Undergrad: 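One structure is given below, represented as structure tokens, and several questions about it will come after.
Count residues from 1 along the sequence. Predicted, not measured: the structure shown is a model, and the values here were computed from it.
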Amino acid sequence: MAPVDVDSPPIEIRLRNLTLSGHVGFDSLPDQLVSKSVQNGFIFNIMCIGETGLGKSTLMDSLFNTDFESTPSPHSLDSVQLKAHTYELLESQVRLKLTVVDTVGYGDQINKEDSFSAIVDYIDAQFEYYLQEELKIKRSLSTYHDSRIHVCLYFISPTGHGLKSIDLVCMKQLDQKVNIIPIIAKADTISKTELQKFKSKIITELKNNGVSIYQFPVDDESVSEINATMNSHIPFAVIGSTDFIKVGNKMVRARQYPWGTVQVENESHCEFGQLREMLIRTNMEDMREKTHCNLYELYRKRRLEQMGFSDVDENHKPVSFQQTFETKRSTHLQELQQNEEEIRQMFVARVKGKEGELKEAEKELHAKFDKLKKAHAEEKKKIEDSSRKLEDEILEFNRRKAQYQQMGHHTLTLGKTKKK
Ligand code: GTP
Ligand code: MG
């Protein structure tokens with residue numbers, strides 16, 4: 001295959017409008033798309049961030065009208081852990097592969113400074129898995145289980161006093177990585193007037209700290225009005241329950257108290273209904289799209305730049321992936337050669353150094369040997385001198401001894417002669 005010349009501009013396309021003289025059939029494209037999507041099923045991944053016991057699992061059960069059979073989390077973990085569970089749900093022939101990711105032990109540590117890092121790492125890891133699949137030669141994106149988080153429900157504790165610093169820090173760290181929808185949990189514990197003040201306090205704090213939260217899209221005419229209204233209701237004040245009571249002839253989710261009953265789906269009791277409407281019925285596809293087209297794109301761009309890829313060169317001229325790859329490859333090879341040369345030179349220098357050291361040691365040894373040899377010769381000479389001297393002395397001694405013996409004999413003979 002001939003290489004594509006990326007420097008030449010793409011062929012200019014001139015559009016002409018034509019009328020059809022009869023039915024062709026491509027008006028069925030939207031139906032084909034729907035049928036294909038239904039056949040493939042859908043994937044949606046939710047992350048619930050909130051302190052232990054804030055009602056995360058109960059809200060998930062309430063939202064999807066099922067029992068996810070979750071167990072309460074322990075309070076004494078050293079760090080935040082993320083647990084993901086995937087379920088297959090079916091509603092009127094539409095299959096939804098739902099993954100719920102729970103933050104276990106969030107906010108339980110004495111030092112909460114690092115609470116967000118496990119969450120950030122988890123979200124990045126899901127982007128990375130997708131990127132690695134995308135970069136494979138043999139990709140299987142159509143069957144790939146996409147685990148990227150499409151929405152993060154951030155559970156705010158109903159204190160009435162605004163956000164805690166852990167909430168702000170965490171949301172700030174995540175706002176470029178995931179669609180964040182803040183919600184006020186256990187909203188039945190806060191009064192109506194307090195709730196309005198609490199909501200505006202939260203929104204002001206988020207704005208002041210530059211935290212961007214997910215906004216329902218207003219560019220689609222069919223939902224722009226409802227979405228615009230709902231944007232002003234964020235953060236939704238929600239209530240969850242696993243208990244049901246009979247209202248009329250219907251069983252409804254509710255929480256019962258000595259003074260009355262709160263119905264989860266009753267819009268005059270809380271904003272659970274609005275949250276479900278916005279999250280599942282109206283904007284689920286928008287969140288999936290934003291995750292893929294905006295948030296993942298941002299991650300992908302950053303990662304590819306980290307790997308040294310760019311759409312333009314240093315002179316801002318467009319470069320192709322192939323050109324960048326080839327330039328990178330040749331710089332890499334050059335670097336390798338340079339490293340090899342440096343290592344070789346280092347080796348030679350070290351060998352030379354060692355050789356010098358060895359020669360020096362040899363010289364020292366020789367000098368030592370000569371010195372020892374000299375000392376040995378001197379010592380030998382000294383010993384020989386002393387031995388010779390000793391021998392002379394012995395000779396002298398023996399001579400004198402013989403002399404004395406002779407003299408003694410003579411004297412003795414003389415004495416004997418006199419006595420006679
Ligand atoms: P962990 O998974 O252990 O972190 O807890 P969680 O956040 O999943 O909370 P869970 O749903 O287990 O609920 C904890 C307790 O809060 C349970 O006793 C629930 O009945 C109660 N609860 C849940 N939702 C609400 C609510 O909206 N209002 C009130 N008052 N209580 C709630
Ligand atoms: Mg739970």
Undergrad: Any donor-acceptor pair under 3.5 Å linking the side-chain atoms of Asp61 with those of Thr242?
TA: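 There is no such pair between these side chains.
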Undergrad: Counting heavy atoms not belonging to His332, are there more than 12 under 6.0 Å from its NE2?
TA: no
Undergrad: Over all heavy atoms of both residues, which pair between Gly160 and Ile190 is shortest? Give the atoms and the distance, please.
TA: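 It is CA-CD1, 3.9 Å.
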Undergrad: Does Thr103 form a side chain to side chain contact (heavy atoms under 4.5 Å, CB included) with Ile119? I'd like the steps, not just the answer.
TA: CA-CA 8 Å; Thr103 49; Ile119 304 170; 3.8 Å; yes
Undergrad: Under 3.5 Å, side chain of Gln173 to main-chain N/O of Phe116, donor-acceptor pair present?
TA: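 Answer holds: no.
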Undergrad: Side-chain donor-acceptor pairs under 3.5 Å in residues 379-392, sequence neighbours left out?
TA:
from   : atom 1 : to     : atom 2 : distance (Å)
Asp385 : OD1    : Arg388 : NH1    : 3.3
Ser386 : OG     : Lys382 : O      : 2.6

Undergrad: Side chains of Leu153 and Ile49: does their closest heavy-atom pair fall under 4.5 Å?
TA: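 Not in contact.
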Undergrad: Asp243 side chain to Arg255 main-chain N or O, any donor-acceptor pair under 3.5 Å?
TA: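 No; zero donor-acceptor contacts below 3.5 Å.
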Undergrad: Any idea which heavy atoms bring Phe198 and Ser157 closest together, and the distance?
TA: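 Heavy-atom minimum between the residues: CZ-O, 3.4 Å.
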Undergrad: Under a 4.5 Å cut-off applied to non-hydrogen side-chain atoms, are Phe272 and Glu265 in contact?
TA: yes
Undergrad: Looking at Asn315 and Lys317, would you say the former's side chain and the latter's main chain have a donor-acceptor pair under 3.5 Å?
TA: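 Answer holds: no.
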Undergrad: Donor-acceptor check, side chain of Asn283 to backbone of Met278, threshold 3.5 angstrom: yes or no?
TA: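 Answer holds: yes.
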Undergrad: Is a salt bridge present between Lys354 and Glu357, judged by a nitrogen-to-oxygen distance below 4.0 Å?
TA: yes
Undergrad: Once rounded to the nearest 0.5 Å, what's the spacing between atom CD1 of Ile183 and atom CD1 of Ile202?
TA: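 So the CD1 of Ile183 and the CD1 of Ile202 are separated by 11.0 Å.
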Undergrad: If the plane angle is over 60° it's perpendicular, under 30° parallel, otherwise tilted; pick one for Tyr144 and Tyr130.
TA: perpendicular
Undergrad: Tell me whether the count of non-hydrogen atoms from other residues, nucleotides or ligands lying under 6.0 Å of OH in Tyr257 goes above 12.
TA: yes
Undergrad: I would like to know whether Lys201 and Glu205 meet salt bridge (charged side-chain N to carboxylate O under 4.0 Å, His left out); could you show each step before the answer?
TA: CA-CA 6 Å; Lys201 205 166 182 184; Glu205 282 180 351; 5.5 Å; no
Undergrad: Do Arg253 and Gln263 have side chains that get closer than 4.5 Å, going by heavy atoms?
TA: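 No, every pair of side-chain atoms sits at 4.5 Å or beyond.
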Undergrad: Do Leu279 and Met284 come within less than 4.5 Å of each other through their side chains, counting heavy atoms only?
TA: no
Undergrad: Would you call Ile203 and Pro235 a side-chain contact if the rule is heavy atoms closer than 4.5 Å?
TA: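 Yes, close enough: below the 4.5 Å cut-off.
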Undergrad: Between Glu297 and Arg300, is the salt bridge (charged side-chain N to carboxylate O under 4.0 Å, His left out) condition met? List the steps.
TA: CA-CA 5 Å; Glu297 210 49 37; Arg300 183 179 172 278; 3.7 Å; yes
Undergrad: What pair of heavy atoms forms the shortest contact from Gly210 to Asp175, and how long is it?
TA: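 Smallest heavy-atom distance, with atoms named: O-OD2, 3.6 Å.
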Undergrad: Between the side chain of Arg95 and the main-chain N/O of Leu90, is any donor-acceptor distance below 3.5 Å?
TA: no
Undergrad: Within the side chain of Lys56, is there an N or O that forms a donor-acceptor pair under 3.5 Å with the backbone of Gly50?
TA: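 Between the backbone of Gly50 and the side chain of Lys56 there is a qualifying donor-acceptor contact (under 3.5 Å).
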Undergrad: Would you call Lys374-Asp370 a salt bridge at under 4.0 Å N-O?
TA: no
Undergrad: A quick test of your reading: do over 12 heavy atoms of other residues, nucleotides or ligands sit less than 6.0 Å from CD of Glu221?
TA: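 No, the 6.0 Å shell around CD holds no more than 12 heavy atoms from other groups.
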Undergrad: Check for a donor-acceptor pair, side chain of Asn231 on one end and backbone N or O of Phe216 on the other, with a separation under 3.5 Å.
TA: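 It does hold such a pair.
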Undergrad: Are more than 12 heavy atoms from other residues, nucleotides or ligands located less than 6.0 Å from atom CZ of Phe325?
TA: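 No, the 6.0 Å shell around CZ holds no more than 12 heavy atoms from other groups.
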Undergrad: Check step by step if side chain to side chain contact (heavy atoms under 4.5 Å, CB included) holds for Lys83 and Val101.
TA: CA-CA 5 Å; Lys83 291 248 160 73; Val101 182; over 6 Å; no
Undergrad: Tell me, do Val151 and Tyr214 make a side-chain contact under 4.5 Å, heavy atoms counted?
TA: no
Undergrad: Apply side-chain hydrogen bond (donor to acceptor under 3.5 Å, both in side chains) to Tyr296 and Glu134, showing your working.
TA: CA-CA 12 Å; Tyr296 170 65; Glu134 224 183 35; 2.8 Å; yes
Undergrad: Would you find more than 12 non-hydrogen atoms of other residues, nucleotides or ligands less than 6.0 Å from Asn65 atom CG?
TA: yes
Undergrad: To the nearest 0.5 Å, what is the distance between CE on Met287 and CD1 on Ile46?
TA: 8.5 Å
Undergrad: If you count the non-hydrogen atoms of other residues, nucleotides and ligands that lie under 6.0 Å from CD in Gln132, is the total more than 12?
TA: yes
Undergrad: Looking at every non-hydrogen atom in both residues, tell me the closest pair between Thr58 and Ser62 and how far apart they are.
TA: O-OG, 2.7 Å
Undergrad: Measure the spacing between NZ of Lys199 and OG of Ser232 and express it to the nearest 0.5 Å.
TA: 8.0 Å
Undergrad: Tell me whether Glu396 is salt-bridged to Arg400, with the criterion being a basic N under 4.0 Å from an acidic carboxylate O.
TA: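 Yes.
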Undergrad: Name the orientation class of the two ring planes belonging to Tyr154 and Tyr106 (parallel below 30°, tilted from 30 to 60°, perpendicular beyond 60°).
TA: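 Perpendicular: the ring planes of Tyr154 and Tyr106 meet at over 60°.
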Undergrad: Are any side-chain N or O atoms of Thr99 and backbone N or O atoms of Asn45, one a donor and one an acceptor, separated by less than 3.5 Å?
TA: no
Undergrad: Pair Cys270, Val262 - check side chain to side chain contact (heavy atoms under 4.5 Å, CB included), show working.
TA: CA-CA 8 Å; Cys270 75; Val262 189; 5.5 Å; no
Undergrad: Tell me if the OH atom of Tyr129 is crowded by more than 12 foreign heavy atoms within 6.0 Å.
TA: no
Undergrad: Do Ser140 and Glu133 pair up side chain to side chain, a donor and an acceptor below 3.5 Å, judged on atom types alone?
TA: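 Their side chains do contain a donor-acceptor pair, which is all the 3.5 Å distance test asks for.
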Undergrad: Counting only heavy atoms not in Tyr87, do more than 12 fall under 6.0 Å of its OH?
TA: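 Result for OH/Tyr87: enclosed.
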Undergrad: Which is it for Glu326 and Arg329 under the salt bridge (charged side-chain N to carboxylate O under 4.0 Å, His left out) test, yes or no, and what are the steps along the way?
TA: CA-CA 5 Å; Glu326 269 159 20; Arg329 191 163 171 260; over 6 Å; no
Undergrad: In a check of side-chain hydrogen bond (donor to acceptor under 3.5 Å, both in side chains) between Arg148 and each of His292, Glu128, Gln126, which one passes?
TA: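 Exactly one candidate clears the test, His292.
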Undergrad: Which distance, rounded to the nearest 0.5 Å, do you find between the CZ of Phe68 and the OG of Ser57?
TA: 10.0 Å
Undergrad: Working to the nearest 0.5 Å, report the span between CG of Leu96 and CD of Glu91.
TA: 9.0 Å
Undergrad: Is there side-chain contact between Thr291 and Val178, with heavy atoms separated by less than 4.5 Å?
TA: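 Thr291 does not reach Val178 side chain to side chain.
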Undergrad: With rounding to the nearest 0.5 angstrom, report the NE2 to CG distance, His233 to Leu275.
TA: 12.5 Å
Undergrad: Would you call Phe44 and Arg288 a side-chain contact if the rule is heavy atoms closer than 4.5 Å?
TA: yes
Undergrad: Dump the intermediate steps for salt bridge (charged side-chain N to carboxylate O under 4.0 Å, His left out) on Glu341 and Arg344, then the final yes or no.
TA: CA-CA 5 Å; Glu341 182 57 25; Arg344 204 185 59 79; 3.2 Å; yes
Undergrad: Specify the closest pair of heavy atoms between Gln306 and Arg303, including all atoms of both residues, with the distance to one decimal.
TA: OE1-NH1, 3.0 Å
Undergrad: Which heavy-atom pair separates Thr324 from Ser310 by the least distance, and what is that distance?
TA: OG1-O, 3.8 Å
